[in-house]
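All heavy atoms count here, side chains included; hydrogens, waters and symmetry mates do not.
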Amino acid sequence: MTIDEVSAHDYRNIFPGKTVYDTVDFNLLNRHKCNRLHFLVFSDSKARLGLILGEQDSSLRSPFSAPFGGFTALRHQPATTYIEAVKELRTQFAASKSIIVTLPPSFYDEDNVAKTSFAMETIGAECRSILNYHFNLSQATDVNHMLSPDQKRNLRIALASGFTFSRLSPRDTVNVDRVYNVISRNRSEKGYYLAMTREDVVNTLKTVPSDLFIVEQDSTDAAAALVYRVSDTVAQVIYWGDISALSRRHPMSILTTGIIDYYKNAGLAFLDAGPAGDFDELNTGLSAYKERIGGIATVKRQYIIKP
């Protein structure tokens with residue numbers, strides 16, 4: 001197994017990307033967030049796997065600015081290919097810097113995730129994990145049946161409060177401002193960090209297929225969401241939240257059920273609702289909430305190869 005570092009142009013020709021996060025265009029969009037980008041091709045007699053790493057101070061990361069990264073496979077690859085690739089990656093790139101690879105939850109690509117995990121553990125990479133929640137849209141016949149009894153009650157309260165749910169065009173900056181202002185206010189009120197600036201969102205919407213959603217009451221925006229269409233079959237919630245002044249009327253119930261229905265009717269297979277916390281700590285309240293609205297838990301893993 002050999003590793004060749006190639007240009008962005010050559011990498012794009014070999015690996016068009018299975019999700020938006022492993023495309024060249026998405027990584028180039030965020031290149032200002034790392035010191036250097038590495039486009040790596042793992043080959044024997046032919047190209048087998050690809051990996052994009054962002055160099056940040058003392059580490060090389062996949063992803064360096066996304067929910068997940070990891071290997072992109074050309075066709076089906078056996079487990080031995082992954083083991084050889086990870087061993088060679090450690091030999092060539094982990095001499096002085098840690099390599100940190102965060103994998104997607106298994107429903108994105110179960111074969112790839114399993115073989116990467118096994119290969120990483122074979123070489124003794126450190127593993128951190130967090131619970132991630134999703135909705136299986138192909139199995140969800142009625143959104144109401146997914147909800148816990150208290151969430152059904154909250155939905156009845158929300159429906160009686162006169163909220164309206166809408167999808168907004170991401171091409172209109174007024175819509176972007178409306179959604180971003182709600183999310184920013186939500187994060188501020190809850191004391192949560194907001195990683196993306198408004199400019200980050202605007203620039204990303206130019207590259208990533210996305211949807212904006214809003215819930216309003218009497219012309220007041222009460223809840224909002226930004227969702228990426230990560231692949232042909234998966235949509236991923238990047239941000240969603242409400243404002244505290246109207247939270248007791250449960251606009252999030254209208255928002256979450258509206259989004260699930262929207263993507264189910266669009267024919268997608270999964271809605272990724274994201275992790276409950278981070279790799280340092282489970283947010284037990286967020287975990288409980290995502291389970292009450294019908295979320296299915298899987299494990300999201302991060303592997304660290306140390307020098």
Using a 4.5 Å cut-off on heavy atoms from C-beta on, say whether the side chain of [Y] contacts that of [X].
| X | Y | answer |
| --- | --- | --- |
| Y263 | D211 | yes |
| T2 | E88 | no |
| F64 | E55 | no |
| T102 | R61 | no |
| L268 | T233 | no |
| I296 | F107 | no |
| D272 | V230 | no |
| V234 | T19 | no |

Check your understanding: So, N186 and Y192: side-chain donor and acceptor under 3.5 Å apart, yes or no?
Key -> no
Check your understanding: Does any donor atom in the side chain of Y303 or E121 lie under 3.5 Å from an acceptor atom in the other side chain?
Key -> yes
Other residues, nucleotides, ligands: >12 heavy atoms within 6.0 Å of [X] [atom1]:
| X | atom1 | answer |
| --- | --- | --- |
| D111 | CG | yes |
| E5 | CD | yes |
| R128 | CZ | yes |
| K152 | NZ | yes |
| H9 | NE2 | no |

For residues [X] and [Y]: do they belong to one hydrophobic cluster (side chain heavy atoms under 4.5 Å, members Ile, Leu, Val, Met, Phe, Trp, Tyr)?
| X | Y | value |
| --- | --- | --- |
| V176 | V237 | no |
| M196 | L212 | yes |
| L205 | Y180 | yes |
| I99 | L37 | no |
| L282 | Y133 | yes |

Which atom of [X] lies closest to which atom of [Y], heavy atoms considered:
| X | Y | value |
| --- | --- | --- |
| E189 | S244 | OE1-N, 2.8 Å |
| A245 | R185 | CB-NH2, 4.2 Å |
| R75 | A47 | NH2-O, 3.7 Å |
| V227 | A235 | CG1-CB, 3.8 Å |
| L131 | S287 | CD1-OG, 4.5 Å |
| G295 | F135 | N-CE2, 3.5 Å |

For [Y], does its backbone N or O pair with a side-chain atom of [X] as donor and acceptor, under 3.5 Å?
| X | Y | result |
| --- | --- | --- |
| N27 | Y21 | yes |
| D218 | T220 | no |
| K300 | P275 | no |
| K97 | D57 | yes |
| T116 | V113 | no |
| D278 | E281 | yes |
| T80 | P78 | no |
| K115 | Q77 | yes |
| T197 | D200 | yes |
| N203 | E199 | yes |

Just verifying a value: how many Å separate [X] [atom1] and [Y] [atom2], rounded to the nearest 0.5 Å?
| X | Y | atom1 | atom2 | result |
| --- | --- | --- | --- | --- |
| T81 | L74 | OG1 | CG | 11.0 Å |
| W240 | L255 | CH2 | CG | 7.0 Å |
| Q217 | I254 | CD | CD1 | 10.5 Å |
| E84 | L49 | CD | CG | 10.0 Å |
| Q236 | L226 | CD | CG | 10.0 Å |
| I304 | F279 | CD1 | CZ | 9.0 Å |

**Study point:** Carboxylate-amine/guanidinium proximity below 4.0 Å for E216 and R178
**Key:** yes
Side-chain donor-acceptor pairs of residues 65-72 under 3.5 Å, sequence neighbours excluded:
from	atom 1	to	atom 2	distance (Å)
S65	OG	K33	NZ	3.1
T72	OG1	D22	OD2	3.2

Check your understanding: Run the side-chain contact (heavy atoms from CB on, under 4.5 Å) check on T122 and V86 step by step: do they pass?
Key -> CA-CA 9 Å; T122 296; V86 168; over 6 Å; no
Review point. Which of these, V6, D10, V41, sits in a side chain to side chain contact (heavy atoms under 4.5 Å, CB included) with F15?
Key: V41
Revision key, fill the gap. From the list L103, V101, I100, side chain to side chain contact (heavy atoms under 4.5 Å, CB included) partner of Q302 resolves to I100
Practice item. Might you work through the side-chain contact (heavy atoms from CB on, under 4.5 Å) test for L89 and L40, ending with a clear yes or no? Key: CA-CA 10 Å; L89 180 67; L40 306 180; 4.2 Å; yes
Review point. Which residue pairs pass the side chain to side chain donor-acceptor pair (under 3.5 Å) test when at least one of the two sits in residues 245-257, sequence neighbours left out?
Key: N154-H250
Exercise for review: Show your reasoning for whether side-chain contact (heavy atoms from CB on, under 4.5 Å) applies to I259 and L271.
Suggested key: CA-CA 9 Å; I259 291 173; L271 175 66; 3.8 Å; yes
Exercise for review: May I ask you to check whether F213 and Y262 place their ring centers less than 6.0 Å from one another?
Suggested key: yes
Exercise for review: Dump the intermediate steps for side-chain contact (heavy atoms from CB on, under 4.5 Å) on L147 and I293, then the final yes or no.
Suggested key: CA-CA 5 Å; L147 303 177; I293 61 175; 4.2 Å; yes
Check your understanding: Taking the inter-plane angle between the rings of F270 and H134 on a 0 to 90° scale, is it parallel (under 30°), tilted (30 to 60°) or perpendicular (over 60°)?
Key -> perpendicular
Exercise for review: Apply the test side chain to side chain donor-acceptor pair (under 3.5 Å) to residues D25 and T23: give CA-CA distance (whole Å), side-chain angles for both, the deciding distance (0.1 Å), then the verdict.
Suggested key: CA-CA 5 Å; D25 289 346; T23 62; 5.9 Å; no
